[in-house]
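We number each residue from 1, following the sequence as shown.
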Amino acid sequence: MDSKKRMMFILEEDYYFITIKILSILKALECDKKPFEDYRKLGIIFEFIKNEDNMSFLEKLLSYSSNDIFDNERAIKIFCDSRLEVSVIKRVLFFLDKQEIIVLARNKKNCNIDVNLKGTTELDELIDLGVLNEDLQRCRNIKRLLPRIRSLKLDTLQKKIFGYDEVSKWED
């Protein structure tokens with residue numbers, strides 16, 4: 001029975017894995033100073049920081065180099081996966097808010113939920129130990145590629161990464 005459980009385990013669906021990735025994103029984007037506007041964008045960022053292949057694919061998408069049919073399929077998969085992740089990310093954010101690690105605030109101007117990171121010693125200890133170095137570096141690369149990612153609207157972010165025509169096709 002124990003080996004069956006190990007075979008059925010998927011790291012990307014583990015709440016600890018998702019929590020660490022979200023905290024890394026918020027820390028790298030300095031969300032303790034200014035809020036991360038619209039938590040739904042976390043799904044897109046989460047998909048790209050999962051592994052190094054996705055990061056290099058993001059650079060390719062943003063450079064507007066010619067995409068073949070396989071790149072288009074991969075972009076569709078990443079987009080769909082990011083949309084599916086939002087519900088799990090929302091649950092993790094509510095848990096982190098309850099634990100007083102983050103603050104969720106309603107943004108009346110843009111009609112969305114913003115995320116502020118509180119300074120916690122546990123997160124600082126993880127950073128000092130170097131546990132989050134790889135994730136933080138990937139998030140900083142995303143920040144370098146998309147400098148205003150923290151305040152971009154979700155639609156604008158999708159258009160920049162996936163292209164306007166493709167996203168509107170997928171959403172219909």
Between NZ of Lys34 and CG of Asn116, what distance do you get to the nearest 0.5 Å?
12.0 Å
Does atom CZ (Arg144) have a neighbourhood of more than 12 heavy atoms from anything else shown, all under 6.0 Å?
yes
Do the side chain of Ser24 and the main chain of Ile20 share a donor and acceptor less than 3.5 angstrom apart?
yes
Run Asp32 and Lys27 through salt bridge (Lys or Arg N to Asp or Glu O under 4.0 Å) and show every step you take.
CA-CA 7 Å; Asp32 49 345; Lys27 186 65 176 177; 3.7 Å; yes
Pair Asp71 + Lys60: basic N to acidic O under 4.0 Å
yes
On a heavy-atom basis, the closest approach of Ile102 and Asp97 is O-OD1, 3.2 Å
Give, for atom CD1 of Ile149 and atom OG1 of Thr156, the distance between the pair rounded to the nearest 0.5 Å.
11.5 Å
Give a yes or no on whether the backbone of Lys41 and the side-chain of Asp38 come within a donor-acceptor separation of less than 3.5 Å.
no
By salt bridge (charged side-chain N to carboxylate O under 4.0 Å, His left out), which residues pair with Asp81, not counting sequence neighbours?
Lys77
Is Leu62 linked to Leu152 within one hydrophobic cluster, defined over Ile, Leu, Val, Met, Phe, Trp and Tyr using a side-chain heavy-atom separation of less than 4.5 Å?
yes
Do you know the tightest heavy-atom contact between Arg138 and Met55?
O-CE, 3.6 Å
Using the rule given for side chain to side chain contact (heavy atoms under 4.5 Å, CB included), can you reason through Leu23 versus Ile101, listing the C-alpha separation, both sets of side-chain angles and the distance that settles it, and then say yes or no?
CA-CA 9 Å; Leu23 290 174; Ile101 296 172; 3.8 Å; yes
Sorted by chain and residue number, the salt bridge (charged side-chain N to carboxylate O under 4.0 Å, His left out) partners of Glu73 (sequence neighbours excluded) come out as none
When rounded to the nearest 0.5 Å, the distance separating CD1 of Ile161 from CG of Leu58 is 5.5 Å
Between Tyr15 and Phe17, is there a shared hydrophobic cluster once you connect ILVMFWY residues whose side-chain heavy atoms come closer than 4.5 Å?
yes
Intermediate values then yes/no, side chain to side chain contact (heavy atoms under 4.5 Å, CB included), Phe162 and Asn72:
CA-CA 9 Å; Phe162 301 108; Asn72 193 29; over 6 Å; no
When you measure from the side chain of Arg150 to the backbone of Leu29, do you find a donor-acceptor pair of N or O atoms at a distance under 3.5 Å?
yes
Flag yes if Leu129 and Leu136 sit in one hydrophobic cluster, no otherwise; membership is Ile, Leu, Val, Met, Phe, Trp, Tyr, and two members link when side-chain heavy atoms are under 4.5 Å apart.
yes
Contact between Glu85 and Arg40 at the side-chain level, heavy atoms closer than 4.5 Å - yes or no?
no
Where Ala28 and Cys139 come nearest, the two heavy atoms and their spacing
CB-CB, 3.3 Å
Could you give the distance from OG (Ser56) to CD (Glu59), rounded to the nearest 0.5 Å?
6.5 Å
Surrounding CD of Glu134 (heavy atoms of other residues, nucleotides or ligands, distance under 6.0 Å), is the total greater than 12?
no
Restricting to non-hydrogen atoms, name the atom on Glu37 and the atom on Ser151 that form the minimum distance, rounded to 0.1 Å.
OE1-O, 3.4 Å
How close do Cys31 and Phe36 get, counting heavy atoms only, and between which atoms?
SG-CB, 3.5 Å
Examine the side chains of Arg74 and Asn54 and answer whether a donor and an acceptor come within less than 3.5 Å of each other.
yes
For Lys143, give me all partners under salt bridge (charged side-chain N to carboxylate O under 4.0 Å, His left out), at least two apart in sequence or on another chain.
Glu30
Quick one, Tyr39 with Val86, criterion side chain to side chain contact (heavy atoms under 4.5 Å, CB included). Give me CA distance, side-chain angles, the key distance, then yes/no.
CA-CA 8 Å; Tyr39 74 94; Val86 171; 3.9 Å; yes
Rounded to the nearest 0.5 Å, how far apart are CD1 of Ile25 and CD1 of Ile49?
4.0 Å
Same cluster or not: Ile18 versus Phe95, using hydrophobic residues (I, L, V, M, F, W, Y) connected whenever any side-chain heavy atoms lie under 4.5 Å apart?
yes
Value rounded to 0.5 Å, distance of CG in Leu26 from CG in Leu96
8.5 Å
Does the side chain of Phe48 reach to within under 4.5 Å of the side chain of Asp53, using non-hydrogen atoms?
no
Under a 4.5 Å side-chain heavy-atom rule over Ile, Leu, Val, Met, Phe, Trp and Tyr, are Phe79 and Leu84 clustered together?
no
